[in-house]
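The first residue of the sequence shown is numbered 1, and numbering continues consecutively from there. Bear in mind the structure is a predicted one, so any value in this text is a computation, not a measurement.
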Amino acid sequence: MDPEVGANRTSVTEFILLGLTEQLRAVVFVVFLFAYLVTVGGNLSILAAILVEPKLHTPMYFFLGNLSVLDVGCITVTVPSMLARLLSHKRTIPYRACLTQLFFFHLLAGMDCFLLTVMAYDRFLAICQPLTYSARMNQTVQRILVAVSWALGFTNALNHTIALNTLNFCGPNVINHFYCDLPQLFQLSCSSTQLNELLLFVAAAFMAVAPLVLITVSYAHVAAAVLQIHSVEGRKKAFSTCGSHLTVVCLFYGTGIFNYMRLGTDESSDKDKGVGVFNTVINPMLNPLIYSLRNPDVQGALWRVLVGRQSLT
């Protein structure tokens, strides 16, 4: 269906994505293709290690496996379509394809917010309440937490997509970015975006601020509990399992806050593109490295997956 007929107000049928740079097209293609292959390969390797290694069949690695799936999804939503446009020299994206990309991007990003919160809660129970950990974090609870995270992420993405579909796009239709996102589309709308920005603000409070507060509170309790451990080795192990997660949280929320707290500013700039690259490419590529470099269990499992040996446990 033509967007003009469906929305009855939008004359724009496609948007033009400027991408990153026109002069270095070949270099950008090679770099992003390499990043995509590394990210998909790294995250799928982590997922395979978790599936085949019995020692990793724990709640923490169950959530980490879900995070790996999200990372693969996040980079797949944006990078392959950008690579296809670089090959075809065609920079346009249909109106509905743009909205579809935006929906899946916010679905995965929202799910990421809640999953990182669930992982912090898991560390809180494991370290602060170890005697009741198995009962409170059984398989049923794990699945419910992941299902609720997906449901909340889906609701958030659907709300933004429906609200965006009510806006008028009369032209111009040039997006100074390499994928469709809310801030850039708000700037192109020829109707008021106040309600959309209010929705984004409320969603940010619910999807970002509240989870970040819960993560902070969880790790405050974790830090207090770890400091009471008399064994140096015990403290080191506890901080090691939490340090990787905290690093991912800082990267994810740092770039996300910068990106969405700049609504109402001037035209899109190269800074937005840089943040977009960090959100959709760098973060998903770094996560497998962050979780594997300092984790001997994951390293051992990855090695067994690569060489085809079975676990000895």
Residues passing the disulfide (SG to SG under 2.5 Å) test with C98, sequence neighbours excluded, are C180
Please tell me if the side chains of S218 and R123 come closer than 4.5 Å, counting only heavy atoms from C-beta onward. no
When rounded to the nearest 0.5 angstrom, what is the spacing between CG in N287 and CG in L251? 7.5 Å
Under the side chain to side chain donor-acceptor pair (under 3.5 Å) criterion, do H177 and D181 qualify, and how do the steps go? CA-CA 9 Å; H177 216 304; D181 202 4; 5.9 Å; no
Could you walk me through whether Y95 and N165 pass side chain to side chain donor-acceptor pair (under 3.5 Å), step by step? CA-CA 10 Å; Y95 175 88; N165 200 40; 2.8 Å; yes
Derivation of the side-chain contact (heavy atoms from CB on, under 4.5 Å) call for L87 and F29: CA-CA 8 Å; L87 280 179; F29 180 86; 3.5 Å; yes
More than 12 heavy atoms of other residues, nucleotides or ligands under 6.0 Å from CZ of F154: is that the case? no
Closest contact, heavy atoms only, N43 versus S68: OD1-CA, 3.4 Å
Is any side-chain heavy atom of V277 less than 4.5 Å from a side-chain heavy atom of I282? yes
Within the distance-only criterion (no hydrogens, no angle test), does the side chain of N156 pair as donor or acceptor with the backbone N or O of G153 below 3.5 angstrom? no
Could you walk me through whether L86 and F32 pass side-chain contact (heavy atoms from CB on, under 4.5 Å), step by step? CA-CA 11 Å; L86 288 172; F32 274 76; 5.9 Å; no
Should L99 and F186 be regarded as members of a common hydrophobic cluster, given that ILVMFWY residues are connected when their side-chain heavy atoms come within less than 4.5 Å of each other, either directly or indirectly? yes
From I127, V249, L246, residue fulfilling side-chain contact (heavy atoms from CB on, under 4.5 Å) relative to Y219: L246
How far apart are the closest heavy atoms of V141 and R136, and which atoms are they? CG1-O, 3.3 Å
V72 vs T39, test: side-chain contact (heavy atoms from CB on, under 4.5 Å). Steps then yes/no. CA-CA 7 Å; V72 172; T39 301; 5.7 Å; no
Counting only heavy atoms from other residues, nucleotides and ligands, does the tally under 6.0 Å from NE2 of H221 exceed 12? no
Centroid-centroid under 6.0 Å between F206 and F114 rings: yes
Closest non-hydrogen atom pair, R91 against L18: NH1-CD2, 3.8 Å
Measure the shortest side-chain to side-chain distance between F169 and C190 over non-hydrogen atoms and say whether it is less than 4.5 angstrom. no
Short question: side chain of D122, backbone of V118 - any donor-acceptor pair under 3.5 Å? no
Within a 6.0 Å radius of atom CZ on F104, are there more than 12 heavy atoms belonging to other residues, nucleotides or ligands? no
Honestly curious: do L152 and M119 fall in one hydrophobic cluster under the side-chain, below-4.5 Å linking rule? no
Rounded to the nearest 0.5 Å, what's the gap from CG on N196 to CG on L167? Could you check? 4.0 Å
Would you say P211 and Y253 make side-chain contact, with heavy atoms under 4.5 Å? yes
Would you say F63 and Q142 make side-chain contact, with heavy atoms under 4.5 Å? yes
Shortest non-hydrogen separation from F62 to V146 and the atoms involved: CE2-CG2, 3.6 Å
Rounded distance [0.5 Å steps], CG in N176 versus CZ in F178: 11.5 Å
Can you confirm whether L51 is buried at CG, in the sense that more than 12 heavy atoms of other residues, nucleotides or ligands lie under 6.0 Å from that atom? yes
Side-chain heavy atoms of I144 within contact of V148, under 4.5 Å: yes
Any chance you could measure I75, atom CD1, to L108, atom CG, to the nearest 0.5 Å? 12.0 Å
I'd like to know if V248 and V38 are part of one continuous hydrophobic network [Ile/Leu/Val/Met/Phe/Trp/Tyr, side-chain heavy atoms within less than 4.5 Å]. yes
Cluster link I290 to L44, ILVMFWY, side chain under 4.5 Å: yes
Does M207 share a hydrophobic cluster with F103, counting links as ILVMFWY side-chain heavy atoms below 4.5 Å and allowing steps through other members? no
Could you state the interatomic distance from OG1 (T117) to CD1 (I215), rounded to the nearest 0.5 Å? 4.0 Å
Here the pair of heavy atoms bringing T280 nearest to F105 is CG2-CE1, 3.4 Å
Quick one: pull up CD in Q187 and CG in L182 and give me the separation to the nearest 0.5 Å. 11.5 Å
Could you go step by step and tell me if Q129 and F124 meet the side-chain contact (heavy atoms from CB on, under 4.5 Å) rule? CA-CA 7 Å; Q129 301 181 13; F124 164 74; 3.8 Å; yes
Shortest non-hydrogen contact between A157 and H106, atoms and distance: CB-C, 3.9 Å
With heavy-atom distances below 4.5 Å as the criterion, would you say the side chains of I16 and I175 are in contact? no
State, with a plain yes or no, whether a side-chain heavy atom of E14 is found less than 4.5 Å away from one of I93. no
